[in-house]
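Here's the structure, in structure tokens; my notes come after.
One-based numbering, in listed order, for ligands and for the atoms of each. Keep in mind that the numbers below use all heavy atoms, side chains included, and drop hydrogens, waters and symmetry copies. Numbers here are sequence positions counted from 1.
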Amino acid sequence: MDELFCDVAIIGAGTAGLAAERSARSNGAKTLLIDESFGGTTCASVGCMPSKLLIAAAGAAHAVRTAPVFGVEATPTIDGAAVMARVRKERDKFVSGVEESIAKIPDDVKICARARFTSPTTLALDDGRTVRARAVVIATGASPLIPDTFDAVKDRVLTNETIFDLETLPGSIGVIGAGPIGLELAQALARLGVETMVLDKGDAVGALKDPHVAEALHAILERELPIKLGVETEAVPDRDGVRLSWTGKDSGERRFDYLLVATGRPPRLKGLGLETTGLELDDHGSPTYRTETMQCGDAPIFLAGDADHDRPVLHEASSEGTIAGRNAAHFPDVTAAERMVPFAVMFTEPSVAVIGVVPKDGAPDIAVGTASYTDQGRAKVMACNAGLVRFYADAADGKLIGATMAGPGVEHSAHLIAWAIQSGWTATQTLALPFYHPTFEEGLKPALLAICHAVHAKPPQFRDDGFLPGT
Ligand SMILES: Cc1cc2nc3c(=O)[nH]c(=O)nc-3n(C[C@H](O)[C@H](O)[C@H](O)COP(=O)(O)OP(=O)(O)OC[C@H]3O[C@@H](n4cnc5c(N)ncnc54)[C@H](O)[C@@H]3O)c2cc1C
Ligand SMILES: NC(=O)c1ccc[n+]([C@@H]2O[C@H](COP(=O)([O-])OP(=O)(O)OC[C@H]3O[C@@H](n4cnc5c(N)ncnc54)[C@H](O)[C@@H]3O)[C@@H](O)[C@H]2O)c1
């Protein structure tokens, strides 16, 4: 059969596409889910999970290396091949889990092919067939951008799509890009004994907008590995490796076995035939769309996941897929969804979180509360007393609007702050809740209290706002 008909066609079976398909089908639509490989999602195969597996191995090495501070003598011996074998073995189990859930989708829903638009509601598949749909969800994800300055050394360039396939750990690696991918993997590799250096043309680590936290985090991470900011790089082949030179705020030259290029992952929209859809495209060639409905203009086309530039993290891919799938099924009856507060975590140590709105430094009408982890009780106990947290609140009433946090346990404590912000709480309301002693969460109290003082709000009644040593 050369022509296939459905209510909703979904291009891409990643986290966003799978959610969109489930959502459209449960809303009564006949669906077709099109993917060129059904490779088990970016998250499971080359994203969240293998990176966290490598970080876990690095954490074990780091714990052994830092044990002497507690009077426990130990030295780590790192078996690079065993590290990578475990990363792949456990990664493959996550991929199998996804594949099992894909297997449960009815066979006549799944199409293994590459799709491109030939009109807003018609898709040409690379196997020669045509799909005609009432509505389409684009959930094609993103892919690594490799600047062409690295063309001369491309056989020594790794990205998140290839690094986890290394048989063993390299001797040395230059990491280009100090965003979440670059920093998470660079710190992990350094902890596993790989000579690692990070270089970024921008001025802030982790693409953080709060310059104070960015600076503090840069200084903390640099205790373990060099991170050069504000530099342009040039790479030439050098025996079985790369000679990298950099100029700008710092200059130098060094040989590496490999480069890990982590300079961003733009949406995978090339070759999708968007020019045939009549959609309005922005400067990057991405369709403009409404974040509450995921609809592109008034068209029967919806976006979800990393394909849309905004909030490229897993829980948002899943949520956007659900919104897009529901609205595609009911097109043209489209419902606006309430979006979650923006929330992203970076799994370095210290871990980092960015939540809600990050106002410009010194912005009027904003109260800022700061807390340092340098002298925090539990952090000192655990010998990880480093980090800076900054909360932003409406100066009129102390209502929390955002936070940038770098510190021990932030991947956990940031959830509480994200929940407080989404719930519309003030600093006083948040501070009125119980904080156990001695925990990392206690370290957030000075920032909340500072906001209460800044907005002349009374701290909660019947709570002691004095800080004793060790809190
Ligand atoms: C190294 C790394 C670490 C990460 N860590 C985290 C983390 O810890 N926490 C977190 O929340 N997020 C993390 N992320 C981000 C997270 O992985 C992504 O936000 C999420 O996986 C995006 O899902 P998606 O469905 O949009 O894309 P994908 O899972 O990439 O799915 C897109 C699908 O579209 C298919 N496709 C593309 N074009 C076509 C076409 N023309 N025709 C047919 N099929 C097509 C592809 O084959 C693919 O299956 C990480 C990302 C990376 C790279
Ligand atoms: N823990 C997590 O949730 C997690 C982890 C990894 C990735 N991700 C997601 O994946 C997305 C992509 O991550 P990323 O780190 O690749 O991208 P990014 O866009 O966040 O960071 C890219 C960095 O590369 C730098 N850069 C760009 N071009 C460069 C060049 N030519 N030379 C030197 N530096 C250059 C930029 O200044 C920036 O700091 C993130 O936005 C994030 O949402 C999430």
Check contact between Pro147 and ligand 2, using heavy atoms of the residue and a distance below 4.0 angstrom.
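Within the 4.0 Å threshold, so yes.
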Heavy-atom contacts under 4.0 Å between Glu232 and ligand 2: side chain, backbone, both, or neither?
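Contact part for Glu232 vs ligand 2: neither.
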Counting heavy atoms only, which part of Leu314 comes closer than 4.0 Å to ligand 2: side chain, backbone, both or neither?
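None of Leu314 does.
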Which option out of Val175, Thr263, Val352, Leu229 puts a heavy atom nearest to atom 26 (N) of ligand 2?
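The residue whose heavy atom sits nearest atom 26 (N) of ligand 2 is Thr263.
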With nothing but distance in play, are any N or O atoms of Pro312 less than 3.5 Å from an N or O of ligand 2?
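Yes: some nitrogen or oxygen of Pro312 is under 3.5 Å from one in ligand 2.
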Less than 3.5 Å between some nitrogen or oxygen of Thr233 and one of ligand 2, yes or no?
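Looking only at distances, the answer is no, because the N/O contact criterion of under 3.5 Å is not met.
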Which residue and heavy atom of the protein sit nearest [atom], plus the separation:
{"atom": "atom 21 (O) of ligand 2", "answer": "Gly179 CA, 3.5 Å"}
{"atom": "atom 6 (C) of ligand 2", "answer": "Ile181 CG1, 3.4 Å"}
{"atom": "atom 2 (C) of ligand 2", "answer": "Val345 O, 3.2 Å"}
{"atom": "atom 4 (C) of ligand 2", "answer": "Pro180 CB, 4.0 Å"}
{"atom": "atom 34 (N) of ligand 2", "answer": "Lys201 N, 3.3 Å"}
{"atom": "atom 16 (O) of ligand 2", "answer": "Gly264 N, 3.2 Å"}
{"atom": "atom 38 (C) of ligand 2", "answer": "Asp200 OD2, 3.4 Å"}
{"atom": "atom 32 (N) of ligand 2", "answer": "Ile176 CG2, 3.6 Å"}

Sub-4.0 Å heavy-atom environment of ligand 1, residues by chain
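Within 4.0 Å of ligand 1, protein side: Ile11, Gly12, Ala13, Gly14, Thr15, Ala16, Ile34, Asp35, Glu36, Ser37, Thr41, Thr42, Cys43, Val46, Gly47, Cys48, Ser51, Lys52, Ala113, Arg114, Ala115, Ala139, Thr140, Gly141, Asn160, Ile181, Arg265, Arg268, Leu272, Gly305, Asp306, Pro312, Val313, Leu314, Ala317, Phe347.
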